Structure formats: C-alpha cells, structure tokens
Amino acid sequence: MIQRDVIYGNIELEGIYEEIVKSKDFSRLKDIVQTALNSIQYPELERETRYEHSIGVYHLMCRTLNNLERKLSTYGLNIAKEEKELAKLAALLHDIGHGVNSHLLEEITGVSHEQRGIDIIQDSSTEIHQIIKNHYGEDFVKKLAGFMDCIYGNGEVEESIELEDKNTVPLKGLLAALISHNIDLDRIDYLIRESTYTGMGTLTNYKELINSFECVLAGNQMILGIPEEKKHLLEANILERTRNYSQIYYCDADFTGNYTFTQLLAELRKHPEEVPESVPEAVRKFLTQEKANFTSQEYMRLTTTPVEQAIKQIAQTTQNEKIRYLCHYKEIAKNDFQVLYNGRSERYIRKLLGRVIPNFPKDSHCIFSQERTIKPYKKNKFGSINIITKAGIQKFEDLPNSVSLKPIKKSVIAINPELLRLELGISTQEFQSRYADILKDIIANQSKPVQEFELKYIITKPGIYTEDIIKLATQKYPIVDEATYHFSDDYYDDPRDFSFLEQGKALRIRHGHTQYCGEQSRSYKNKRITYKTYEEEGDTTYTNRAKQEEIGSSMQLKDYTEFLSSISAPDELKNTLNVNGYRKLITVEVNGQLIDISFCVASYQNCIYEMPGVARTIEIRPRDNQIIGRTLLLQVKRELELAFPGLKDSITNANIYEIGMVDTYDKYKKGYIVSEDAVEFEKENPTAAQKLATIVEELKRRRHMTYVTQTPPVEELKGQKVVRVPEGEEI
C-alpha cells in the first residue's frame, strides 16, 4: 500500500501496518481533524487529519530506526526485531485514542487519548487487537500496551544494558523517548505538518535532525543524544514549536471555539430531551452525559461526521433558542465573540456590564477568560535532551541557547453580545434598542491598545487661538465625529518623596461627563480611577503612556483599595493636585484613518502649596489608540505648524499632573503667588520640599516645558500687573 503524504511523498506500508491502516478502527482517524477547532481560524487545516499524521509519525520512526541501526552496525550492534516492531506500532497507533475535537474531548470525558489508545489495543473486540494478535500473539499485545503505558503512563522501562543474541542492545527506553519527549517524532511531524498547511513555512529540518540522533551508553542505559554541532537543528525545532503554539494551537478561535462547544454541551446536558431519538446512542451519550463511560466500540464512534450530523439535526428540531444558537458553535467562535486585547480582567468587564445592564446575570456565560502556558521546552519522565559535547554529555537546558526556553503565557478574554441577549431572555429588537450601542461602546473601548500615543501642545503664545486651529483642521480634513467633555480630577502622590511625579506616573480619580449628539453618554465611566505610566522614548515630541483604569462610584481613594494594590501604590497617598477642565473633541479623517483632536482648558489647584493655575492644551492622537494611525500625526503636525509657527515651540510630552505641579511650584518660587501653606509645608517637610524642587527642575528640562522656564520672576515685570486667568475658561 502506498500512502501519498504532503510532507514525505510516497509512504509504503505493508504487512501488519497495511492491515492496521486499512482497518475501520484506524480509518476512523480520517474523520478526525488533526488540529480540531484551530481550523476555524485556519480553514486549510480542515484537510489535515489524525490519519495522515499517524502515518507520518510511523514514517519518521522507520527512518529513525534505519538511521540508528546503521550507526550501531558500525560497532557490530543491532536493534532487536521485537523492539523495532513495538516502536513502529506505537508510532502508528499513538493517536488511535483520539476522537472528535481531539484534546477538548479528553477534557470533556476525563480520559486521555493515550489511555483510550491503550484500551483500544487491549480490547479483544477491536480490529486492531485482532490484527496484532494474529501476527504476533496475545503476549505481544500485552507488551505493546505495556510499552505504551511506559511512554505515557506511570510504567517504567526496566532493562539491563547487556548484549543479547545477535549482538542486539536493549533500546526500549530510548525508543519510548522517540514517541514522547521534547524532541519526539510526534512533535516533529505535527509541527512541520501544520506549518506546511497554514503556509507559515517550516523551520525544522527533520531529515538532518533525525540523522543527528546518536545512541550513547550512559550509566546502565542507552540514551538518545545530539552532537553539539547539530544543536542548532534542535533550536530551530523549539522556535517552531513556540511559534506554532502561539499562532496556531492557541489562536483566538481555538479559545472561543472550545468555550462555545462546551457551552453547547452544558445546555444539552441540562436539556437532554432536545437530542432527537434518531441520534446514535454513543453520540447521544456523549452529548447528554457528563463524564460518561464509553466502551472502546462506543468511543470509536465519536468522530467528526456523526457528531456534527447530530448537532445539525438538533439545530433543526430544537425549540430552545439558546441551544439552536449554540449548535452553530464554529460560526459563533469566528464571528460573534469579540476578543478584548488590552489586558482588562474578566472581573472588570463584568463590573462594567453590571453597571450598564441592571439585570446582568452574575454567572453570565457571555464573557469568559482563559490562560494557557506555552512551554518551549519541558522535561518529562525521560529527562532532558542530551547534548554530546567535547566535555561530555550535558543537558540541553544547561548550555547557552539561541532560543528562549522560558514558558510564555497566552490569554484571551472575549465577550458575545448575542449570548447575553439569550440569557436576558429578550427579543433582538429590544436588546438592540436598550443595550446594543452601550455594549458596542464598551467592547470598542476595551479592545483598543492600552498605550496612549499623542502629540501635545501647551498654548502659551499670544496670537494662537483655538477657533483658528479648529477652522484649519476642518478645512483640511472632513469631520466625522465630535463631542464635549467636562471633568474634575483629583491627583494623588506620596508627599514624602513625590515618587509618581518623579517617575512620570499619574494616579487620578476622575468625575467626568461626555456630551455626544446633545446627550450624555458613557455614564458608566463617570467616576473612575486611572493610573498612567510614562514610557520613555528619548524624545519630547510625542507622549507615550500606558493606561490602567478601574470604574467606580466614588471619588474617595479608600474605595479603590483593590486597584491600588494591583499597581503597588505607596501606602501614604495624598491629594496633591485638583484639576477642573473642559474639552472639545473633533474626529477628522486623514487618508482614511481617524484622528482625534482635543482642545482642552484646565484650571488646577496645587493642594500641597495651595496655588492655582490654568493651562490650555491641544492633544492629537489616533482614534482608539490605533498604532498604525500614529504615522498620520506627522501630516497633521506639519499642517498645524505651517499655519501656526509658534506651535512648534509649545510641544511637550508632559501630562496635566506634571504641568500643573511644575507650573504652580515655579510661579510660587518666582513670587507670583504668596502662599502661607507653601511656606509652612516647606518648613515642616524640608526633605520633601527639596526633593520636589529637584523633580521640578528635571521635569522642566525633560518634558520640554520652555514656557515655564521663560516666565521671569515677578520683580522683573517692572510693575506690570499679573493677571490670573479665571477658572472655568471655556474654548
């Protein structure tokens, strides 16, 4: 029998191997997609099955055995025929225990595919058992099951390294490692197979890697080793493993697909009467019973086609709207779940939803979060990968490597509005009218990057007016949106050392109101605590900050203790600056991208020194912090600075906390404002006062606050009256 393979070309199978592959027990693997629900995101993977993968691993085992035997023959040694047969059969049958949706099925039934495979081999009613028994006898079947248990289970390979008849050397432990280890043939095959199907391109040179394998005597055992000069072949395989797990196996659709499928099963198990009588008994058992016990024959019926046919039938017959919806779990996973990328916690999103939807179910399944760990390299029962160096045999992980071996976390948080509607039990029309817009707003807000990248000007030059800038912007670019915003901010810092101010951080509690299309919007965000950290780019032109936020219902710091703990805030925090402001925002379209331009006037009060001030700013950023849109800031910047040359000298990357603290402190020191509170604070806290003076001087330089530096001391004004800009000035 010739099996045509997309990786290896023609694979020849004969004798027992041909019989097994042609058996119905093995042929069922044609109806099991190799990567299960990864195919939602990568449709080309629908063509890849456990059948071809299993034959591929068998092919690699044959090549490896030939290579090892050739090398051993130079020493006059051989591999025992029985051990070669055990290794090849174990390779061919290593996935015989898989069923529909593969690894998800293991979680659902509570039994691993490895154990299912051993059960199928041992079950005398299966074709595979009978074929192996007919060729090698019942004792060999037991040996094969025991060998596979040693590979995957708790069994140990017990062998004494002594030459046997025909100079054969025991290699069971080494051969077992070829099937389940860091560098096993199973992983080599599925990595290059998925890399090929998805078009990502394979990084593993499997021919050279297999040819590099050496049998080495270490202690009283034979181990598999790789020469140090071939170590790069192993590193390439590990890099490919990390990439494929990150991009393919743990793709977003796999998270959402697995979650939706388990939700479907949960509903069917609550309502087993929704499964028609005509559905095959094994499939019915799987769909309606949690952790059901299956015979080998029943289990082998759980392949893709009968399960999908049953689900399709349920979708056509059920009266349960939620079950009917979940029956389309693949489409739901791909189209209906919105993945949120900015690192918010599930708890936070639930809190948001509870605020905007009065009867939001606390145990709602419309939102979920999951985290998985990608382990580029992990030791198992067969130990480390052995590297043959000039100094001796060393563990791979103990040597310098060009790839990282550290685990990587891959997490997903996703929300499905339609599932929420079904949980609320309301019509689509009612849901659209009551919740759709606010839900869309929350999803959009929680999906944007946490980085805020903006171009900021502080307007201090005479002759530059907001109205003129707005007029220019609207002449150059079409306006697609606009809104206004009123806010009141309380900023906090540690008054002992002003650590937030020094490090470019800002912690505030905001009470704000957005007016959009004549109505107040985003009321769920009226009160919230925000923490921003400055990301140094070595340039004062652009502001780049990371933002963390927590909604609340209070302006009191004590009501945000959990959030403060999450950012490791200092124990002693005090209100250091109050800001009241008004912002007009227009959104313009620049070369197909949306750019927000904010015009803001803010009055502030230094709470430590009891000094006021006012700042007018222009902030320009891509809508929703879209990273690609940053490039268009260059165009907007050029247009504004050509029209208003004075703007160029007004660029700053300071935040309002830094602006307010530096401005008020500097004016106090220059004699613009006489404050007994400031004098008293400096007298009682000389260390903190000196620290603040140092921070202010550094910020003026680092944040390009030239307008502060250029403000002369009050005695240099020659009798001119200093006029304070009234609070509440509007644009």
Side-chain angles (χ1 to χ4, degrees), residues 452-487 512-518 539-543 579-604 612-623 629-656 658-660 662-663 703-711 720-731:
E452 295 182 329
F453 186 89
E454 66 186 13
L455 176 66
K456 179 183 288 184
Y457 299 96
I458 302 180
I459 307 301
T460 58
K461 300 279 185 179
I464 298 179
Y465 300 102
T466 299
E467 293 82 1
D468 294 334
I469 296 174
I470 294 176
K471 183 178 179 181
L472 173 70
T474 55
Q475 287 175 343
K476 285 285 182 182
Y477 312 109
I479 291 183
V480 297
D481 212 353
E482 56 184 307
T484 58
Y485 191 64
H486 294 265
F487 60 90
H513 300 276
T514 300
Q515 294 291 326
Y516 180 72
C517 296
D539 179 28
T540 58
T541 305
Y542 297 96
T543 305
V579 181
N580 289 288
Y582 170 86
R583 175 180 290 131
K584 179 178 179 62
L585 178 134
I586 63 172
T587 302
V588 297
E589 185 178 325
V590 182
N591 292 345
Q593 296 286 327
L594 299 183
I595 301 293
D596 288 337
I597 306 178
S598 296
F599 304 90
C600 179
V601 59
S603 63
Y604 40 78
V614 172
R616 292 187 301 140
T617 60
I618 302 173
E619 298 169 359
I620 308 169
R621 69 175 69 169
R623 166 60 64 96
R630 292 179 180 182
T631 309
L632 293 171
L633 297 186
L634 296 170
Q635 182 174 334
V636 178
K637 179 177 183 292
R638 181 188 62 185
E639 297 293 347
L640 291 179
E641 291 178 4
L642 282 175
F644 305 96
L647 277 179
K648 190 171 185 179
D649 298 326
S650 302
I651 288 178
T652 182
N653 59 2
N655 60 41
I656 193 65
E658 293 169 329
I659 292 170
V662 170
D663 182 48
R703 297 288 190 254
H704 194 69
M705 287 192 247
T706 53
Y707 77 97
V708 175
T709 306
Q710 293 167 1
T711 303
Q720 295 181 38
K721 184 179 180 181
V722 179
V723 179
R724 184 184 304 163
V725 180
E727 294 186 12
E729 176 193 340
E730 294 198 355
I731 298 170

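Numbering of residues begins at 1 and proceeds along the displayed sequence. Given the structure is predicted, the values throughout are model-derived calculations rather than measurements.
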Please name all residues satisfying side chain to side chain donor-acceptor pair (under 3.5 Å) with K476, sequence neighbours left out, ordered by chain then number.
E639
Would R630 pass as a cation-pi partner of F453, given that its NZ or CZ must be under 6.0 Å from the six-membered ring centre and within 45 degrees of the axis?
yes
Walk me through it: do F644 and I469 pass the test side chain to side chain contact (heavy atoms under 4.5 Å, CB included)?
CA-CA 8 Å; F644 305 96; I469 296 174; 3.8 Å; yes
Are I459 and L647 side-chain neighbours, meaning at least one heavy-atom pair lies under 4.5 Å?
yes
Check the side chains of N580 and Y604 for a donor-acceptor pair under 3.5 angstrom, ignoring hydrogens and angles.
no
Within-4.5 Å side-chain heavy-atom neighbours: H704 and T541:
no
Between K471 and E467, is there a salt bridge with N-O shorter than 4.0 Å?
no
Salt-bridge present (R703, E658; N to O < 4.0 Å):
yes
Could you tell me whether the side chain of K456 and the main chain of A654 form a donor-acceptor pair under 3.5 Å?
yes
Please report the C-alpha distance between R623 and I595 in whole Å, then the side-chain angles of each, then the deciding distance to 0.1 Å, and finally whether the side chain to side chain contact (heavy atoms under 4.5 Å, CB included) criterion is met.
CA-CA 5 Å; R623 166 60 64 96; I595 301 293; over 6 Å; no
Side chain to side chain contact (heavy atoms under 4.5 Å, CB included) between T543 and N655, intermediate numbers included:
CA-CA 8 Å; T543 305; N655 60 41; over 6 Å; no
V480/V588 under side chain to side chain contact (heavy atoms under 4.5 Å, CB included): CA gap, chis, key distance, verdict
CA-CA 6 Å; V480 297; V588 297; over 6 Å; no
Residues which pass side chain to side chain donor-acceptor pair (under 3.5 Å) with T514, listed by chain and number, not counting sequence neighbours
none
